[in-house]
There are 2 protein chains.
Amino acid sequence: MSPRGRRPAGENARGAILEAAREQFAEHGYDRTSLRGIARGAEVDPRLVHHYFEGGKAELFAEVMHAPVNPAAFIADVVAGPPEDIGRQLVRTFLGVWDDPDNQSALLALVRSGLTNEGITDQLRGFVEQGLLGQIMQAHPVTAGLPLRERRRRAGVIGVQMLGLIISRYVVELPGVADAPAATLVERIGPIIQAQLDS
Amino acid sequence: MSPRGRRPAGENARGAILEAAREQFAEHGYDRTSLRGIARGAEVDPRLVHHYFEGGKAELFAEVMHAPVNPAAFIADVVAGPPEDIGRQLVRTFLGVWDDPDNQSALLALVRSGLTNEGITDQLRGFVEQGLLGQIMQAHPVTAGLPLRERRRRAGVIGVQMLGLIISRYVVELPGVADAPAATLVERIGPIIQAQLDS
DNA sequence: TGCTTTATTCATCACATGATGAAATATATG
DNA sequence: CATATATTTCATCATGTGATGAATAAAGCA
């Protein structure tokens with residue numbers, strides 16, 4: 001087809017590969033995505049994928065996933081407001097991140113792959129334990145003073161809300177959740193979370 | 001190794017295959033599970049898998065998944081009690097099904113595979129729409145009279161609880177959820193659902 | 001200009017996968 | 001006992017996968 005050597009500039013293959021990878025990882029998850037499929041999607045020779053990402057599929061995935069969102073900043077944003085609004089603010093910030101098209105495909109890929117992958121679930125669990133239980137609940141006057149056992153329980157219920165929200169809205173696409181405006185969900189789920197804090 | 005022909009009886013290869021398949025589908029999901037891996041797990045020649053399940057991997061999966069739980073009976077169980085207890089009863093029945101070791105691996109397989117598989121999500125969505133929105137909410141005096149739009153929204157929140165519960169307890173295994181006794185979760189999540197019904 | 005680096009294509013490897021045909025042997029049936 | 005049938009192993013196939021070496025051509029630099 002094309003002549004053999006370097007193309008006459010302005011092609012940006014690397015970018016095309018990353019974009020195709022993001023799309024396909026998000027849509028099919030890690031396993032069902034192949035390097036050759038990505039190359040096809042990027043209209044590029046498969047060898048190029050290895051050329052730019054020498055670590056192969058794993059590195060490409062890592063690159064796509066790389067810090068789609070900064071957990072520290074996320075937490076900071078949530079605890080910035082008044083304690084009686086943490087529940088709503090958590091949902092608001094959360095949906096803000098997930099509804100952002102820049103993050104969405106990466107996050108979706110993470111979830112779609114992570115649920116079968118073992119090891120990414122560790123990451124999720126860690127985030128819930130440290131960020132949620134360790135920081136957000138410390139920022140609330142009521143939960144901060146609770147015994148660990150009780151804090152764990154409440155953090156669990158909050159985790160259920162978050163995970164349920166992701167899966168319902170972005171993966172399974174439940175009607176009434178996937179098609180609801182973010183503000184509606186903030187009003188529906190926020191108070192449920194808040195109740196776990198205020199007691 | 002073994003001689004070529006039929007083994008001297010009492011081996012029950014078919015059962016071993018099914019068991020190994022159930023395990024591996026549950027642990028790794030559909031994609032990461034191979035026929036050869038199943039055969040290895042069942043200590044059986046790979047050809048046997050095809051011999052007993054001529055449809056191959058798809059039929060084997062279908063067989064393993066075959067009606068792990070009857071939705072109609074499930075719904076009937078939930079709406080059997082008084083309306084003011086539907087929330088708790090829903091969680092109770094739900095956990096009863098999922099905590100049963102007979103069902104668990106099949107259900108896990110379904111979820112682990114379904115979230116990347118596109119098409120099983122349809123099934124999930126359908127169950128939530130028909131069973132939850134169409135039947136359970138009809139059985140409650142308050143929600144039965146609500147306009148469809150509002151019913152959808154509430155069903156959505158309930159769906160979030162159910163999906164969140166599955167993912168948190170069985171897939172991600174959040175502390176505070178995975179290790180909680182069923183009764184605790186009934187008391188924690190049940191009222192949240194009930195509130196969506198009573199209004 | 002000439003040399004080096006980078007980008008791109010082509011040609012393969014080794015391997016795992018799902019699938020199928022054929023041979024061998026135990027059990028079931030007449 | 002003879003014959004059919006069910007169960008098992010072996011031997012392959014075609015395909016798709018991730019990976020690598022080598023050739024070629026443009027771009028960058030001396």
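Sequence lines set the chain letters: A, B, ... in the order given, protein chains first and strands last, and positions in each chain run from 1.
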Requested in this report: Write down the distance between NE2 (A/H50) and P (D/dT17), rounded to a whole number of angstrom.
Outcome: 13 Å
Requested in this report: Using a cut-off of strictly less than 4.0 Å, decide whether A/S34 has a side-chain nitrogen or oxygen near OP1 or OP2 of D/dG16.
Outcome: no
Query raised in the report: Considering the options B/L146, B/V142, B/I158, which one meets the side chain to side chain contact (heavy atoms under 4.5 Å, CB included) requirement together with B/L197?
Result: B/I158
Query raised in the report: So what does A/L48 hit on the nucleic acid, given a heavy-atom distance under 4.0 Å: a base, only sugar-phosphate, or nothing?
Result: base
Report summary line: side chain to side chain contact (heavy atoms under 4.5 Å, CB included) test vs A/L163 passes for just one of B/V160, B/L165, B/V172, B/I166, namely B/V172
Query raised in the report: Between A/E150 and A/R153, does at least one N-O distance fall below 4.0 Å, as a salt bridge requires?
Result: yes
**Report entry** A/R92 bridged to A/D85 by N-O distance under 4.0 Å
**Finding:** yes
**Report entry** B/D45 CG to C/dG21 C1', straight-line distance once rounded to whole Å
**Finding:** 14 Å
**Report entry** Rounded distance (Å) that lies between atom P of C/dG18 and atom CD of B/E59
**Finding:** 15 Å
Report task. Round to the nearest Å and state the distance from A/E54 atom CD to D/dA19 atom C1'. Result -> 12 Å
**Report entry** Donor-acceptor pair present, B/R47 side chain and C/dG21 base, under 3.5 Å
**Finding:** yes
Requested in this report: For A/Y52 and D/dT20, give me the distance from atom OH to atom P, rounded to whole Å.
Outcome: 18 Å
Query raised in the report: Toward the 5' end of DNA chain C, which comes first, B/R4 or B/L35, by nearest nucleotide?
Result: B/L35
Query raised in the report: Is B/R36 touching bases, backbone alone, or none of the nucleic acid, heavy atoms closer than 4.0 Å?
Result: base
Query raised in the report: In whole Å, what is the span from the CZ atom of B/R6 to the C1' atom of C/dT29?
Result: 12 Å
Query - Atom-pair distance (NE2 on B/H51; C1' on C/dA24), nearest Å - result: 14 Å
Query raised in the report: A/F53 CZ to C/dT6 P: how many Å, rounded?
Result: 16 Å
